[in-house]
2 protein chains.
Amino acid sequence: MNKYDSLTLKNQLCFPIYLCSKEIIRRYTPLLDDLDLTYTQYITMMYLWEHNTSNVKDISDALFLDSGTLTPLLKKLEAKEYITRTRSLKDERNLDVTITKKGLTLRDKALSVPCEMSKCINLSEDEVKTLYSLMYKIVGNLSKEEE
Amino acid sequence: MNKYDSLTLKNQLCFPIYLCSKEIIRRYTPLLDDLDLTYTQYITMMYLWEHNTSNVKDISDALFLDSGTLTPLLKKLEAKEYITRTRSLKDERNLDVTITKKGLTLRDKALSVPCEMSKCINLSEDEVKTLYSLMYKIVGNLSKEEE
DNA sequence: TACAATTAAATTGCATACAACCAAAAAAAG
DNA sequence: CTTTTTTTGGTTGTATGCAATTTAATTGTA
């Protein structure tokens, strides 16, 4: 026990969270290769599968990604013909992002991914529930402090 | 309840983990500015504060970062004069990474960081313990599958 | 001891991430 | 109805991350 104990890796809570996130995303990669999606593109598609049409701001708010990340990412999804990008007629500042037929089709191919992932994660239902709520609690606490 | 329920953001466990990691790192940034460190550089220094001397492979194993990430990062830490990089005499394939006096001094300046962070995270001791063990459980499960 | 296999870093290429800044459009204020 | 402010996306710059490849050094083997 010494004065620098708080600065050891094994006493960090953030480090395993960081590890966990990285390793999970690394594990997604081969599962998503079939869909020609990266992890970030996958969650973007997931948002669009639920909403069909949206814009950069709403996607940004939902996924906690800024335009510097989203603009090139959405261009890549457009290049793969999973979405379309058009200026809104009502408000030219907005960019309408809409899923295509090809993008919708992808949803069926993606159905096996969540199941495969949860097999890798391999937690009990209770553990998943606990973890889920703790994660959102932290995210909430972090944004609370920020106002 | 429909067939695509497993593909909604709110039913993902991985998404809040990913969010949490990102938001925590974003919160580290201003705290680490004083030390002229990024988050990844910070955990690398943390490892070196404990070990004084190491090499790329051991750092890589400890931090789950590959040489493609570490090589440029260590060069930056060298440029800041926090570490030295020299080829090992015993085995020229190895790169000796050693902390400098300036790098050691940094440790005292860093002492306030963990405390500040845990104030932002704001979880109870029990919650921290639960979360910590669940995170390492997942990391363990993921690497188990990988042999 | 030659030669193959292994190991450690470095390099290359691609995809995030975010801060900081910018430009255009729309809304608010006077 | 101008002028100012705010909002929305885009751009630029810096720093990861990782897969795949390469190079050099060392180890194992016939």
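Numbered from 1 within each chain, the chains take letters A, B, ... in sequence-line order.
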Among the nucleotides C:dT16, C:dA25, C:dA10, whichever has the atom closest to the side chain of A:Q41 is C:dT16

Would you call the rings of A:Y39 and B:Y18 parallel, tilted or perpendicular if under 30° counts as parallel and over 60° as perpendicular? perpendicular

Taken to the nearest 0.5 Å, the spacing of A:D36 CG from A:Q41 CD works out to 7.5 Å

From CZ of A:R87 across to C1' of C:dA25 the rounded distance in Å is 10 Å

* B:N94 side chain N/O closer than 4.0 Å to the phosphate oxygens (OP1, OP2) of C:dT7? -> no

Partner of B:T98 under side chain to side chain contact (heavy atoms under 4.5 Å, CB included), picked from B:T53, B:N55, B:N52, is B:T53

Rounded to whole Å, CG of A:L32 lies from C1' of C:dA15 at a distance of 13 Å

Here the distance between atom P of C:dA10 and atom CD1 of B:I59, to the nearest Å, is 10 Å

Checking C:dA26, C:dT16, C:dC18 against the side chain of A:R93 (C-beta onward), the nearest is C:dA26

- Message: One thing to verify: whether B:K75 and B:E78 come together as a salt bridge, which I'm taking to mean a side-chain N less than 4.0 angstrom from a carboxylate O.
- Response: no

Separation of C:dA19 atom P from B:I25 atom CD1, nearest Å, is 12 Å

Please check if the number of heavy atoms outside B:K129 that lie under 6.0 Å from its NZ is greater than 12.
no

DNA chain D nearest-nucleotide lookup for A:K22 and A:R85: closer to the 5′ end is A:R85

Note to self: Counting distance alone, no hydrogens or angles: does the base of C:dA10 have a donor or acceptor under 3.5 Å from a partner atom on the side chain of B:S67?
What the structure shows: yes

Would the number of heavy atoms belonging to other residues, nucleotides or ligands and lying under 6.0 Å from CG of B:D33 be above 12? yes

Separation of C:dT16 atom C1' from A:L74 atom CG, nearest Å, is 13 Å

- Item | Side-chain N or O of A:T69 closer than 4.0 Å to phosphate OP1/OP2 of C:dA17 | no

Judged by nearest nucleotide, the residue sitting upstream toward the 5' end of DNA chain C, B:G68 or A:L89, is B:G68

Is the distance from OP1 or OP2 of C:dC18 to the nearest side-chain N or O of B:R27 less than 4.0 Å?
no

Of the listed C:dA9, C:dA17, C:dA26, the closest approach to the A:L65 side chain comes from C:dA17

Exercise. Return no unless some side-chain N or O of B:K57 is found under 4.0 Å from OP1 or OP2 of C:dT6.
Key: no

Counting C-beta onward and ignoring hydrogens, is there a side-chain heavy-atom pair between A:L77 and A:R85 closer than 4.5 Å? no

When rounded to whole Å, the NZ to C1' distance for the pair A:K80 and C:dC14 reads 11 Å

note: A:D96, atom CG; C:dA25, atom C1'; distance rounded to Å ~ 15 Å

Whole-Å distance, B:L31 CG to C:dA19 P, equals 13 Å

Exercise. Are the charged groups of B:E23 and B:R26 less than 4.0 angstrom apart, N to O?
Worked result: yes

So the contacted stretch of DNA chain D, first to last nucleotide with an atom under 4.0 Å from a non-hydrogen atom of chain A, runs from D:dT7 to D:dA19

Closest of C:dA26, C:dA17, C:dA15 to the A:K76 side chain is C:dA15

Just to confirm, is there a sub-4.0 Å distance from OP1 or OP2 of C:dA17 to any side-chain nitrogen or oxygen of B:Y18?
yes

Quick one: label A:L70 by what it contacts on the DNA or RNA (base, sugar-phosphate, nothing), any heavy atom closer than 4.0 Å.
-> nothing

* Asked: Which is true for B:D66 with a 4.0 Å heavy-atom rule: it touches a base, it touches only sugar-phosphate, or it touches nothing?
  -> base

